[in-house]
> 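Starting off with a structure, shown below.
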Protein chains: 2
Amino acid sequence: MKDTREVTIYDIARQLHISPATVSRGLNNHPAVSKKTRQKILEVAQALGYRSNTFASNLRRQHTNTLGVIVPKLNSHFVSSVLAGIEKVANEAGYNLIISQSLESAQKEVANANTMFKSRVDGLIVSLAFDTQDLSHFNPFFKKGIPVIFFDRVEQSLPSSTHIIIDNEKAGYQATEHLIQQGCRHILHITGNLTRNVYADRLKGYQEALKAYGLPFHETDVIVSMLDEKSAWETGRQIANMHPLPDGLFVANDTFAAICMQALKEKGIRVPDDIAIVGFNDDLVSRVVEPPLTTVHYPGQEMGELVARHLINHLQGTVPLTHTHTIIIHSELIVRQSSLRNPQR
Amino acid sequence: MKDTREVTIYDIARQLHISPATVSRGLNNHPAVSKKTRQKILEVAQALGYRSNTFASNLRRQHTNTLGVIVPKLNSHFVSSVLAGIEKVANEAGYNLIISQSLESAQKEVANANTMFKSRVDGLIVSLAFDTQDLSHFNPFFKKGIPVIFFDRVEQSLPSSTHIIIDNEKAGYQATEHLIQQGCRHILHITGNLTRNVYADRLKGYQEALKAYGLPFHETDVIVSMLDEKSAWETGRQIANMHPLPDGLFVANDTFAAICMQALKEKGIRVPDDIAIVGFNDDLVSRVVEPPLTTVHYPGQEMGELVARHLINHLQGTVPLTHTHTIIIHSELIVRQSSLRNPQR
DNA sequence: TCAAATTTTGAAACCGATTTCATAATTTTT
DNA sequence: AAAAATTATGAAATCGGTTTCAAAATTTGA
């Protein structure tokens, strides 16, 4: 037998011969209610199995206590760490989360944004899809003054919003520099859509490093890819057939790097001896391939916590949004076998 | 300048000199409103930038058009495929999604369930955490008649709910049989918490296969693990030191299998020649390790679509929930190098 | 002890859409 | 053309908390 009737504050009020107003206040720890009554209210609420009706509440106060999150894909170590971080902070602050994935499609990202808008999230956290150019789907949020905060995949041209990112240029520089220091002289850079900051900046770093060490930069050494599994295999095989063979690879993500490496090995090319490889993200896969992959680590959980905290602080008025912020968080190169030319014992 | 005032059906009504009731009907395609008025309503709504207030709506009709999803972890290929499937079907049917991860902790799963309950989801989709024993956190849903549907990680003892799973016993049997056919005579099975159906059933399949081929079963050949990265390395090294060495490994997931393989190789053990390995899940990692991993594939997206469709059908009254269903969907063994003892050609 | 200050409480309006029931407008029947 | 049937619209109640404003109860001060 299912109980179908919901318990409301009116039920509690009736039972205690007090007004619903007082019950509401009691339930919300409003200071203007005596300990005794609050205590009694809590007890009766408990006994009756009361649960607050979020809709009534949301309708009256004009906010939802809900944060929206749009990410490109859920199944990466990085993204799910970020999410864990966001969830932690959001939970502690009493915020709910609506999460959706754009699956790297700008079109789906637009749909997601619209859904979030209709759901009236109090704030939005976004990491852009691969091919998002036009950002007008966030205009409704801007117009309404709903804060939108971007992380990792951002669009810095955007006038008034906060970005939380790593220093991709520096990371790109370090990765490339490392390869050079390992003796590489002809380094390919495999990357994604160059309109996306993360890829554009890493490329910049790559170029800077080449210049700093007096190596020439060739347009043809930069391979722009969709970064999906299929192109990874193709690209890997393609590289294996190059003549002359490059001696270094700086790849925009670990999965792609791992697949390339596999493809190269199948063609009898030795890593790192013939080609040294550096990936990006410190995904689990970087640790299980043979040889283990040198990569750039950046702290997902921490980033998520920071993003969420920042957004919530803003929502609670602690921090005014006056100016655009760009917050840069730490990243580091993790050196493993795939790039070590002269193993130091 | 942000516009702060929300447009309501009253604004539309005023503008057209009609009643809010008619506007509401017009917006909802209620039959009792003439094409002409509906048309006008739609136009004005558009012009004014009206967006329906979900809370008012939810408050009045007593449902949310929202589905809750609780999964153990977001960052696996399987889970994110399932989610994509769920999202597709839910979107098409006009349902929103609230997604949360239990991070394999029963405690967090309870918290998630409570949040979902407070959010008044119309239905709940769950894949259980690693160590969830007690299912009482779903009681509120059962009591209220809110449908809960389980997939993959289920608890079949549960009286009245639907389960959508693969035939883990069969998959376990096939994996083990394959190893036996490749000449393995001493096969270890590495698995997770045996109270969880997926692991218990695969173990059963493993035992059945041994029996069918006249091989002895030893308790000590079953290694129960937390299945995290750290234990994977430890277990791998442990196995490498076994004496005598087993000649086959059937591992409960690809990540763990990949790490084990790596650990074995580091100790100079050849795969598949010394030890043949079969994983589970067909995660991307299974394709990039060396040698590629034999594994069990099961269709996440399809499973997600099925789960969502089933739930929504039920919610819309198409399908009565009268009896418990168990729906079994197809899975298959994908043979790759990690288990091929006698490469054909 | 009585007035002033402070703390608690309640009545009623409100948030915005939905829906019932009645009425007005239109169409069909005879 | 009048009556009957059908269709379209509106008034008002409702969903369940929150909040303003005023009043009641209690405490403090002199």
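Letters A, B, ... are given to chains in the order of the sequence lines, protein chains preceding strands, and every chain is numbered from 1. Excluded from the calculations below are hydrogen atoms, water molecules and symmetry mates; all remaining heavy atoms, backbone and side chain alike, are included.
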> In whole Å, I'd like the distance from the CG atom of Leu16(B) to the C1' atom of dG10(D).
14 Å
> Centroid separation under 6.0 Å, is that true for the rings of Phe150(B) and Phe138(B)?
yes
> Measure the CG-CZ distance between Asn58(B) and Arg120(B) for me, rounded to the nearest 0.5 Å.
10.5 Å
> To the closest 0.5 Å, what do you measure between CG (Asp122(B)) and CG (Leu67(B))?
7.0 Å
> Between the side chains of Arg309(A) and Glu302(A), is the shortest nitrogen-to-carboxylate-oxygen separation below 4.0 Å, so that they form an ion pair?
no
> Of Lys73(A), Arg153(A), Arg196(A), which meets salt bridge (Lys or Arg N to Asp or Glu O under 4.0 Å) against Glu104(A)?
Arg153(A)
> Just how large is the angle between the end axes of the helix from dT1(C)-dA30(D) to dT30(C)-dA1(D), five pairs per end, to 10 degrees?
30°
> Nearest whole Å is fine: how far is dT18(D) P from Ile41(A) CD1?
12 Å
> Tabulate protein N/O versus nucleotide N/O from nucleotides 7-9 of chain D, keeping only pairs under 3.5 Å, one per line.
from   : atom 1 : to       : atom 2 : distance (Å)
dT9(D) : OP1    : Thr37(B) : OG1    : 3.3
dT9(D) : OP2    : Ser34(B) : N      : 3.2
dT9(D) : OP2    : Thr37(B) : OG1    : 3.1

> Rounding to a whole Å, what distance do you find between Lys118(A):NZ and dA17(C):C1'?
15 Å
> Among Gln46(A), Gln39(A), Lys40(A), find the residue that satisfies the side chain to side chain donor-acceptor pair (under 3.5 Å) test when tested with Glu43(A).
Gln39(A)
> Do Ser19(A) and Thr22(A) have side-chain N/O donor and acceptor atoms under 3.5 Å apart?
yes
> Determine yes or no for a side-chain-to-main-chain donor-acceptor pair under 3.5 angstrom, with Ser119(B) supplying the side chain and Thr115(B) the backbone.
yes
> Show each protein N/O and nucleotides 12-17 of chain D N/O combination with a separation under 3.5 Å, one pair to a line.
from    : atom 1 : to       : atom 2 : distance (Å)
dT14(D) : O2     : Arg60(B) : NH1    : 2.8
dC15(D) : O3'    : Gln62(B) : NE2    : 3.1
dG16(D) : N2     : Ala56(A) : O      : 3.2
dG17(D) : OP1    : Tyr50(A) : OH     : 3.4
dG17(D) : OP2    : Ile9(A)  : N      : 2.8
dG17(D) : O5'    : Tyr50(A) : OH     : 2.9
dG17(D) : N7     : Tyr10(A) : OH     : 2.8
dG17(D) : O6     : Tyr10(A) : OH     : 3.3

> So if I apply the side chain to side chain donor-acceptor pair (under 3.5 Å) rule between Thr132(A) and each of His137(A), Glu155(A), Glu109(A), which one comes out positive?
Glu109(A)
> Examine distances only and state if a side-chain atom of Asn75(A) and a backbone atom of Asn75(B) form a donor-acceptor pair shorter than 3.5 Å.
no
